[in-house]
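Shown next, in structure tokens, is the structure this report addresses.
Order of appearance sets the numbers: ligands from 1, and atoms from 1 within every ligand.
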Amino acid sequence: MISVEGVTKVFGRNTAVDNATFSVERPGMIGIIGRSGAGKSTFLRMMNRLTDATEGRLLFEGRDVLALKGAEKRAWQSQCAMIFQQFNLVPRMDVVSNVLHGLLNRRGTMATMFNLWPAADINRAIDILDRLGIAEQAPKRAEALSGGQQQRVAIARALMQDPKVILADEPIASLDPMNAQVVMDALRRIHDEDGRTVIANLHTLDTARRYCDRVIGMRGGRIVFDGTPDLLTTAA
Ligand code: ADP
Ligand code: ADP
């Protein structure tokens, strides 16, 4: 499904990701762990093409993702939607409009500028919010919500794109333990029930152990561990 082959990202004299190779053969719930600066975030951003790899290949279902341009590149970015530590919502905009922004690539900027969305899109946005337990927040401004609710809005925005893969860059690092649990449970459910692959940068081994069936360990830009969490116990 996904094959990352010898991907490297160099910033000036600093190698953020160093010759990383891994593949996803079937849908999984995958955690990436490692210290701050290990290259986790750069790795995810390269997969999504938010940043371009210096070297290496990235194949998705046999297609060369790093060669995609324009509309095809944007289509890839919808297939592999990203969520972020700081949620990246539009704070003053209502929740449902934030979720609809997930369709920006598909519906174009006019829909966004004039907030004109087909009823079917709006209904779908509400359904997704409902599934995440926050439908009643739909008319509120994003900034009025708690962190855990805001991250669920970001997940809803990602789901609007019906992605095969969700890349989560430190999705719970800004949240208190209770909200962190709600968000991780939501990601786990999206994997279990929809069969989507989730790849999440996580700060702690505990979270990876609890939620993931596969753990990638990064250190100094390299992948130094790749296996089930129980193996990590013996390796670490
Ligand atoms: P992690 O997510 O594991 O904390 P990052 O991927 O953010 O690690 O960073 C890996 C390395 O790349 C760090 O040394 C960081 O300083 C460097 N780095 C990340 N982004 C940039 C950038 N835009 N410009 C220069 N260096 C960067
Ligand atoms: P310390 O040096 O503080 O004892 P480690 O070097 O064991 O810590 O681990 C540092 C980080 O690397 C941990 O926070 C964990 O997320 C991650 N880690 C732990 N074990 C492994 C491993 N076997 N492979 C890759 N990363 C690991």
Exercise for the section: Following the transitive rule for hydrophobic clusters with a side-chain heavy-atom cut-off under 4.5 Å over Ile, Leu, Val, Met, Phe, Trp and Tyr, establish whether Val182 and Val99 coincide in one cluster. Expected result: no
Check: residues 41-48 side-chain donor-acceptor pairs under 3.5 Å, at least two apart:
| unit_1 | atom_1 | unit_2 | atom_2 | d |
| --- | --- | --- | --- | --- |
| Ser41 | OG | Asp169 | OD2 | 2.8 |
| Asn48 | ND2 | Cys80 | O | 2.8 |

Problem - Interfacing atoms of ligand 1 (cut-off 4.0 Å, heavy-atom, Ala38) - result: 1 (P), 3 (O), 8 (O)
Handout entry: Protein contact of atom 23 (N) of ligand 1 - nearest heavy atom, named by residue and atom, plus distance
Key = Phe11 CE2, 3.5 Å
Exercise for the section: Output yes when the distance from some N or O of ligand 1 to some N or O of Asn14 is under 3.5 Å, and no in every other case. Expected result: yes
Handout entry: Numbered atoms and elements of ligand 1 in range of Lys40, under 4.0 angstrom, heavy atoms
Key = 1 (P), 2 (O), 3 (O), 4 (O), 6 (O), 8 (O)
Practice task
Provide, to 0.1 Å, the distance between atom 12 (O) of ligand 1 and the closest protein heavy atom, together with that atom's residue and name.
Solution key: Ala16 CB, 3.1 Å
Handout entry: Ser36: numbered ligand 1 atoms lying under 4.0 Å from its heavy atoms
Key = 4 (O)
Practice task
List the steps and the verdict of salt bridge (charged side-chain N to carboxylate O under 4.0 Å, His left out) for Arg124 and Asp162.
Solution key: CA-CA 11 Å; Arg124 214 173 124 239; Asp162 195 20; 5.4 Å; no
Exercise for the section: Give yes if a backbone or side-chain nitrogen or oxygen of Gly37 is under 3.5 Å from a nitrogen or oxygen of ligand 1, and no if not. Expected result: yes
Practice task
Run the contact test for Glu170 against ligand 1 with a 4.0 Å cut-off on heavy atoms, strictly below, and give the result.
Solution key: no
Handout entry: Side chain, backbone, both or neither: the part of Asp169 lying under 4.0 Å from ligand 1 by heavy atom
Key = neither
Problem - Gly39 N/O under 3.5 Å from ligand 1 N/O - result: yes
Practice task
Kindly identify the option in Ser41, Gly220, Gly12 whose heavy atom sits closest to atom 7 (O) of ligand 1.
Solution key: Ser41
Completion exercise
Taken in chain and number order and not counting sequence neighbours, the residues that satisfy side-chain hydrogen bond (donor to acceptor under 3.5 Å, both in side chains) with Thr54 are none
Handout entry: CZ/Arg57: more than 12 non-hydrogen atoms of other groups inside 6.0 Å
Key = no
Exercise for the section: Give a yes or no on whether the backbone of Asp213 and the side-chain of Thr228 come within a donor-acceptor separation of less than 3.5 Å. Expected result: no
Handout entry: Check ion pair Asp192-Arg188 (N to O, under 4.0 angstrom)
Key = yes
Exercise for the section: Tell me, yes or no, whether the heavy-atom count around Arg63 atom CZ, taken from other residues, nucleotides or ligands under 6.0 Å, exceeds 12. Expected result: no
Practice task
May I ask whether Gly34 has any heavy atom positioned less than 4.0 angstrom from an atom of ligand 1?
Solution key: no
Problem - Residue portion contacting ligand 1 (non-hydrogen atoms closer than 4.0 Å) for Arg35 - result: backbone
Practice task
Looking only at protein heavy atoms, identify the closest one to atom 5 (P) of ligand 1 and say how far it is in Å.
Solution key: Thr42 OG1, 3.6 Å
Practice task
Look at the side chain of Asn201 and the backbone N and O of Lys40, then say whether any donor-acceptor pair between them is shorter than 3.5 Å.
Solution key: yes
